[in-house]
Asks: 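Take a look at this one; I'll ask things after.
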2 protein chains.
Amino acid sequence: MDAVAEFTGYLKSNGFKRTKERLSLIKLLSGKPGHFDADGLYDMAKGESLETSRASVYRTIALLKKSGLLSESIRKDGKAVYEVSPAKGHHDHLVCLKCGGIEEFKDNVIEEHQEKICRKYGFEIKEHRLEIRGYCRKCR
Amino acid sequence: MDAVAEFTGYLKSNGFKRTKERLSLIKLLSGKPGHFDADGLYDMAKGESLETSRASVYRTIALLKKSGLLSESIRKDGKAVYEVSPAKGHHDHLVCLKCGGIEEFKDNVIEEHQEKICRKYGFEIKEHRLEIRGYCRKCR
DNA sequence: ATATTTGCAAACGCTTTGCACAGAA
DNA sequence: TTCTGTGCAAAGCGTTTGCAAATAT
């Protein structure tokens, strides 16, 4: 099931309307992987001459988050960035301090070790975020 | 060397003035461990009837960050929180989604593994942040 | 028909900044 | 004295929201 179908399903089963704004935004996103921010999505839409407003972009993003289709990270400067939720589980980020690029990785050793730590502290883990910042191959 | 001395040294060697506002803020912080935000620091200062302004608090925080005495995290809601830099190396955070409490931990297995990952990706690591969110012993 | 959604612009909350005055060197 | 720092209030910035008009069902 692709993202568009998943979203329309979510809308239908929750009594939300399938408006052209919502559909064009999810259509826009369903193709492209990678990270973007709210304004970036707004500009993307503008670029494809889809008519929408910043308000609708923000409201649609909120819906997409609730539907689980979009996941949010908060950048170091406090601004929000999103990405279409990776279907196959969690991954972490290598963030380049120079070019701002974000590379993804997944490491089971670390994931497992986190569970060990949580057990030790009596902590029930819901989610985690590991961000390594530095310089990528090109920029170092 | 305590935080106050370290900060006055930093000010002196960089040609910044040792004003009562700067000195009272670092004095206020040098005792207390734990996390706080800009407004919290401002309120703390008010509480001790130190006269200062929000602007000076923000400007002093910026200085303290540059001096390395303060480290900043961005909370999930995009707001900045600070803590007096732990003298003895890096640690990570267990953040409770219910009570908001932050517990700290350090784990060498994870730290070492990060280096391995970076080598694999040709990434030069400068810093990292690992945050595990969930429910603490009391709240789960 | 009618309840939801949209677009606009104003409101928000945190942070930063311009400016004139105060204060450290 | 001279240049930096302070306080105030205004501006910034990303994000959210109230409201009347538009639209999906």
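The sequence lines fix the lettering, A, B, ..., with proteins before strands; numbering per chain opens at 1.
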Asks: Checking His93(A) now: which residues fulfil ring-ring contact (aromatic ring centres under 6.0 Å, His included) with it, not counting sequence neighbours?
Replies: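 Partners of His93(A) by the ring-ring contact (aromatic ring centres under 6.0 Å, His included) criterion, ordered by chain and then number, come out as His35(A), His91(A).
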Asks: Taking for each residue the nucleotide of DNA chain C bearing the nearest heavy atom, is the 5' side occupied by Arg54(B) or by Arg22(A)?
Replies: Arg22(A)
Asks: Run the side-chain contact (heavy atoms from CB on, under 4.5 Å) test against Lys27(B) and tell me which residues pass, sequence neighbours left out.
Replies: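 Lys27(B) satisfies side-chain contact (heavy atoms from CB on, under 4.5 Å) with Val4(B) once adjacent residues are dropped.
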Asks: Tell me, please, which residues at least two apart from Thr52(A) pass side-chain contact (heavy atoms from CB on, under 4.5 Å).
Replies: Glu21(A), Tyr42(A), Ala45(A), Ser56(A), Val57(A)
Asks: Can you measure Asp77(B) atom CG to dC14(C) atom P for me and round it to whole angstrom units?
Replies: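 It works out to 9 Å between those atoms.
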Asks: Rounded to the nearest 0.5 Å, what separation is found between the CZ atom of Arg137(B) and the CZ atom of Phe123(A)?
Replies: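 Result: 10.5 Å between the selected atoms.
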Asks: Which heavy-atom pair separates Ala38(A) from Tyr82(A) by the least distance, and what is that distance?
Replies: N-CE1, 4.1 Å
Asks: Report yes or no: does Arg18(A) contribute a side-chain atom to a donor-acceptor pair with the main-chain N or O of Leu11(A) at less than 3.5 Å?
Replies: no
Asks: For His128(A), check ring-ring contact (aromatic ring centres under 6.0 Å, His included) against everything at least two apart and list the hits.
Replies: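 Applying ring-ring contact (aromatic ring centres under 6.0 Å, His included) to His128(A) gives His90(A).
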Asks: Could you list the residues that satisfy side-chain hydrogen bond (donor to acceptor under 3.5 Å, both in side chains) with Asn14(B), not counting sequence neighbours?
Replies: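 With sequence neighbours excluded, Asn14(B) shows a side-chain hydrogen bond (donor to acceptor under 3.5 Å, both in side chains) to no residue whatsoever.
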Asks: Please list all pairs passing the ring-ring contact (aromatic ring centres under 6.0 Å, His included) test where one or both residues lie in residues 5-33 of chain B, with sequence neighbours left out.
Replies: none
Asks: Using the heavy-atom set of chain A and a strict 4.0 Å cut-off, write down the first and last nucleotide of DNA chain D that makes it in, 5' to 3'.
Replies: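 Answer, 5' to 3': dG14(D) to dT25(D).
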Asks: Strictly distance-based, threshold 3.5 Å: is any side-chain N or O of Asp92(B) a donor or acceptor partner for the main-chain N or O of Leu130(B)?
Replies: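 Side chain of Asp92(B) to backbone of Leu130(B): a pair is present.
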Asks: If you look at every strand shown and take non-hydrogen atoms under 4.0 Å, does Ala62(B) touch a base, only sugar-phosphate, or nothing?
Replies: nothing
Asks: Measure the shortest side-chain to side-chain distance between Leu29(B) and Leu70(B) over non-hydrogen atoms and say whether it is less than 4.5 angstrom.
Replies: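 They are in side-chain contact.
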Asks: Could you write nucleotides 18-25 of chain C as a row of B, S and -, 5' to 3', where a protein heavy atom under 4.0 Å of any base atom gives B, of only sugar-phosphate atoms gives S, and otherwise -?
Replies: B----BBS
Asks: What is the distance from CD of Glu72(B) to C1' of dT16(C), rounded to the nearest Å?
Replies: 14 Å
Asks: Kindly say if Tyr58(B) contacts the phosphate of dT15(C), meaning a side-chain N or O under 4.0 Å from OP1 or OP2.
Replies: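 Tyr58(B) to dT15(C) OP1/OP2: side-chain N or O found under 4.0 Å.
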Asks: Using the test side-chain hydrogen bond (donor to acceptor under 3.5 Å, both in side chains), find all partners of Arg54(A) that sit at least two apart in sequence or belong to another chain.
Replies: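 Listed in chain order: Asp39(A).
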Asks: For residues 44-53 of chain A, pull every pair meeting salt bridge (charged side-chain N to carboxylate O under 4.0 Å, His left out), keeping only residues two or more places apart or in separate chains.
Replies: Lys32(A)-Glu48(A)
Asks: Between residues 41-51 of chain B and DNA chain D, which residues have a heavy-atom gap below 4.0 Å?
Replies: Glu51(B)
Asks: At 10 degrees resolution, what angle do the end axes of the helix from dA1(C)-dT25(D) to dA25(C)-dT1(D) form when each is taken over five base pairs?
Replies: 20°
